[in-house]
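Worksheet: the structure to be examined is printed underneath.
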Amino acid sequence: MDVLDDLSTDTLTAQDITALRDFHADLVRICEHAQERGVKIIVDAEYSWYQPAIDALTLSLTRQFNKLPSPTTKDTSAVQPLIYGTYQAYLQRTPELLAQSLADAKAGNYALGVKLVRGAYHSYEIAAHKARFSGSASSRSLSTDPHPPVWLTKSDTDACYNACARTLIHSIREDVNTRRPKGVPLTPVVGVLFGTHNWESCGLILNELVKTGLAVKGPGKDDLILLPDDVTERVTIGQLYGMCDDLTNHLVNSTASNTPLIIKYVPYGALSEVMPYLSRRAIENKTVLGEGGAATERQRAGAEIKKRIFGSWYSEK
């Protein structure tokens with residue numbers, strides 16, 4: 001059943017329902033154009049009180065556009081997964097939600113696209129939850145639990161992110177190792193974009209890829225991690241352009257593949273639309289990196305600016 005076929009009228013007006021259906025139709029048209037051009041779509045995440053609606057729309061689009069071919073289909077032109085949803089590791093619900101999503105994708109015969117991030121609204125989530133339980137009518141928090149929906153500490157968020165990363169890599173291993181009938185293409189049933197500026201998590205991801213046999217360490221003293229095409233077709237690690245370039249360069253220099261494993265993603269659009277996004281990423285780097293991580297990033301950025309102004313001969317010494 002389509003998630004828009006069973007909308008409750010308890011709190012939604014007829015006008016609300018019409019607007020939602022029109023919005024969904026617009027999203028379908030966007031996905032159809034993306035499908036025609038082989039362009040993947042990643043649906044971003046928001047505050048926890050908006051997320052249920054975003055999840056419902058993403059699920060509807062995923063079930064429609066990530067549908068896997070039948071066992072006898074030999075068409076390799078379709079990009080899969082086409083639609084990716086974003087999973088925020090700072091939400092306590094995420095491990096269970098991820099497990100449910102993987103199970104539903106398998107049961108529904110569609111590919112699951114996952115963008116795994118930590119999350120950028122921690123302080124807002126805590127404040128909104130506190131306001132709700134203090135009786136404030138202005139709080140938008142939906143939580144009825146006395147505990148906030150987010151993990152309270154950075155270490156808990158880190159542990160959740162790394163646990164989810166392991167789960168996803170094991171799902172990829174299962175997908176890659178699944179035997180298809182002879183002549184049937186190995187259409188990915190899971191695709192993952194690890195969005196992270198965290199050195200430990202990036203190291204864990206590469207180690208897990210090697211540990212599970214999805215990648216191997218090459219010969220020689222440089223210990224390059226070699227990744228085959230069927231893995232890079234399913235896995236990507238990305239950082240925002242202009243942030244943590246030292247981490248990005250380290251990952252690029254530590255891996256080798258025919259298809260890029262490491263990417264920089266670039267937000268684009270009108271300044272009024274892009275700046276709020278970049279501001280949230282700056283807040284995320286300050287609050288989530290923690291333990292001197294943000295200060296280190298500022299120092300690195302400052303050194304890079306000086307290097308570009310004064311030339312490659314510039315040295316902090």
Side-chain angles (χ1 to χ4, degrees), residues 42-48 51-52 54-55 58-59 62 81 84-107 111-122 125-126 129 143 145 147-177 188-215 225 227 231-232 234-239 244 247 251 254-255 261-262 284-285 287-291 293:
I42 300 174
V43 182
D44 212 347
E46 265 292 345
Y47 298 103
S48 63
Q51 203 55 45
I54 296 173
D55 288 343
T58 304
L59 179 60
T62 297
Y84 282 64
T86 298
Y87 293 71
Q88 299 164 298
Y90 74 173
L91 292 177
Q92 297 191 38
R93 69 166 189 155
T94 295
E96 182 178 356
L97 175 62
L98 182 59
Q100 291 174 352
S101 298
L102 289 165
D104 188 72
K106 185 176 292 187
L112 183 67
V114 175
K115 177 186 176 184
L116 183 64
V117 301
R118 277 172 165 75
Y121 305 102
H122 191 274
E125 294 284 354
I126 294 292
H129 184 270
S143 177
D145 193 292
H147 301 289
V150 294
W151 301 106
L152 294 180
T153 67
K154 178 182 178 296
S155 60
D156 286 336
T157 296
D158 290 343
C160 183
Y161 188 99
N162 293 341
C164 290
R166 291 190 182 95
T167 296
L168 290 166
I169 290 172
H170 281 262
S171 295
I172 292 168
R173 181 189 62 179
E174 180 182 343
D175 180 27
V176 170
N177 292 341
V189 302
V190 60
V192 183
L193 167 58
F194 293 108
T196 177
H197 301 98
N198 184 283
W199 282 78
E200 180 183 348
S201 292
C202 289
L204 178 141
I205 291 165
L206 294 182
N207 288 336
E208 285 294 316
L209 289 172
V210 173
K211 183 179 176 181
T212 56
L214 293 172
I225 295 176
L227 298 104
V231 174
T232 52
R234 293 165 171 82
V235 182
T236 306
I237 304 173
Q239 291 88 42
C244 293
L247 172 58
L251 293 171
S254 301
T255 59
L261 171 71
I262 316 301
E284 180 182 9
N285 270 270
T287 59
V288 178
L289 284 176
E291 299 176 359

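Below, each value reflects all heavy atoms present in this structure, side chains not excepted, and no hydrogens, waters or symmetry copies.
- Atom CG of Asp44 sits about 10.0 Å away from atom OG1 of Thr58, to the nearest 0.5 Å.
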Test side-chain contact (heavy atoms from CB on, under 4.5 Å) applied to Ile169 and Val192, step by step:
CA-CA 9 Å; Ile169 290 172; Val192 183; over 6 Å; no

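- Counting heavy atoms from C-beta on, the side chains of Leu206 and Leu261 come closer than 4.5 Å.
- Of the possible donor and acceptor atoms, one in the side chain of Thr94 sits under 3.5 Å from a partner among the backbone N and O of Gln88.
- Taken from OG1 in Thr232 to CG in Leu214, the straight-line distance is 11.0 Å, to the nearest 0.5 Å.
- Summarising the geometry, atom OH belonging to Tyr90 is positioned 7.0 Å from atom OG belonging to Ser48; distances are rounded to the nearest 0.5 Å.
- Residues Thr167 and Pro95 are not in side-chain contact: their nearest non-hydrogen atoms beyond the backbone lie 4.5 Å or more apart.
- By the 4.0 Å N-to-carboxylate-O rule, Arg93 lies too far from Asp145 to be salt-bridged with it.
- Side-chain contact, Ser201 with Arg118: a donor N or O sits under 3.5 Å from an acceptor N or O.
- Between Ile237 and Cys202 the shortest heavy-atom distance is CG2-SG, 4.1 Å.
- At distances below 3.5 Å, not a single donor-acceptor pair connects side-chain atoms of Glu46 with backbone N or O atoms of Gln51.
- A donor-acceptor contact shorter than 3.5 Å is absent between the side chain of Asp104 and the backbone of Gln100.
- Contact check for Glu174 versus Leu102: no side-chain heavy atoms found under the 4.5 Å cut-off.
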Can you list the steps and then say if Ser101 with Val114 is a side-chain contact (heavy atoms from CB on, under 4.5 Å)?
CA-CA 10 Å; Ser101 298; Val114 175; over 6 Å; no

Worked check of side-chain contact (heavy atoms from CB on, under 4.5 Å) between His170 and Glu208
CA-CA 9 Å; His170 281 262; Glu208 285 294 316; 3.7 Å; yes

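- Residues Asn162 and Glu200 form a side-chain contact, since some pair of their non-hydrogen atoms from C-beta on lies under 4.5 Å apart.
- A donor-acceptor pair under 3.5 Å links the side-chain atoms of Gln239 to the main chain of Thr196, judged by distance alone.
- Counting all heavy atoms, side chain and backbone alike, Gly238 lies closest to Leu193 at N-CD1, 3.9 Å.
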Quick one, Leu209 with Ile225, criterion side-chain contact (heavy atoms from CB on, under 4.5 Å). Give me CA distance, side-chain angles, the key distance, then yes/no.
CA-CA 9 Å; Leu209 289 172; Ile225 295 176; 5.8 Å; no

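- Rounding to the nearest 0.5 angstrom, the gap separating the CG atom in Leu168 from the CD1 atom in Ile172 is 6.5 Å.
- In this structure, Trp151 contributes its side chain and Ala89 its backbone to a donor-acceptor pair below 3.5 Å.
- No side-chain donor-acceptor contact under 3.5 Å links Glu125 to the backbone of Pro149.
- Rounded to the nearest 0.5 angstrom, Ile54 CD1 and Thr86 OG1 are separated by 9.0 Å.
- Across all non-hydrogen atoms, the minimal contact from Tyr87 to Leu112 is OH-CD1, 4.0 Å.
- Expressed to the nearest 0.5 Å, how far CD of Gln92 lies from OG1 of Thr157 amounts to 9.0 Å.
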